[in-house]
Amino acid sequence: MTRPRSTEELIHHMPAVRDKAENDWSRGFAASIVRQSRRRHWKPSQKQEAIMRRLVSELFHETNDLEVIEDG
């Protein structure tokens, strides 16, 4: 199980999301976050943070549906 990413870590990965996203909406969203994050005291809304988490997870192909294989 992976630890939850901090907001700073999510922001750090937004340029990679912007550059590697598979659709225009995701690219535009990540670019917008990169621009907004430069503003002093800016914090993402809950909805923005949730989308950022999803996009970063997709970037690293993280899923919650892992199969456990036990040696018998």
Which atom names give the shortest non-hydrogen contact between T7 and M52, and what distance separates them? O-CE, 4.5 Å

Can you tell me how far the CD1 atom of I51 sits from the CG atom of L10, to the nearest 0.5 Å? 12.0 Å

Looking only at heavy atoms, what is the nearest atom pair of R18 and R27, with distance? O-CG, 3.1 Å

Assess whether side chain to side chain contact (heavy atoms under 4.5 Å, CB included) is satisfied between W42 and I11, documenting all intermediate values. CA-CA 11 Å; W42 176 83; I11 292 169; 3.8 Å; yes

Once rounded to the nearest 0.5 Å, what's the spacing between atom CD of Q36 and atom OG of S45? 8.5 Å

Nearest heavy-atom neighbours spanning R5 and R53: O-NH1, 2.7 Å

What distance separates L55 CG from M14 CE, expressed to the nearest 0.5 Å? 5.5 Å

Given side chains that start at C-beta, do those of R35 and R38 come closer than 4.5 Å, heavy atoms only? yes

Please report the shortest heavy-atom distance between Q48 and F29, naming the atom on each side. O-CZ, 3.7 Å

Which distance, rounded to the nearest 0.5 Å, do you find between the NE2 of H12 and the OG of S37? 12.0 Å

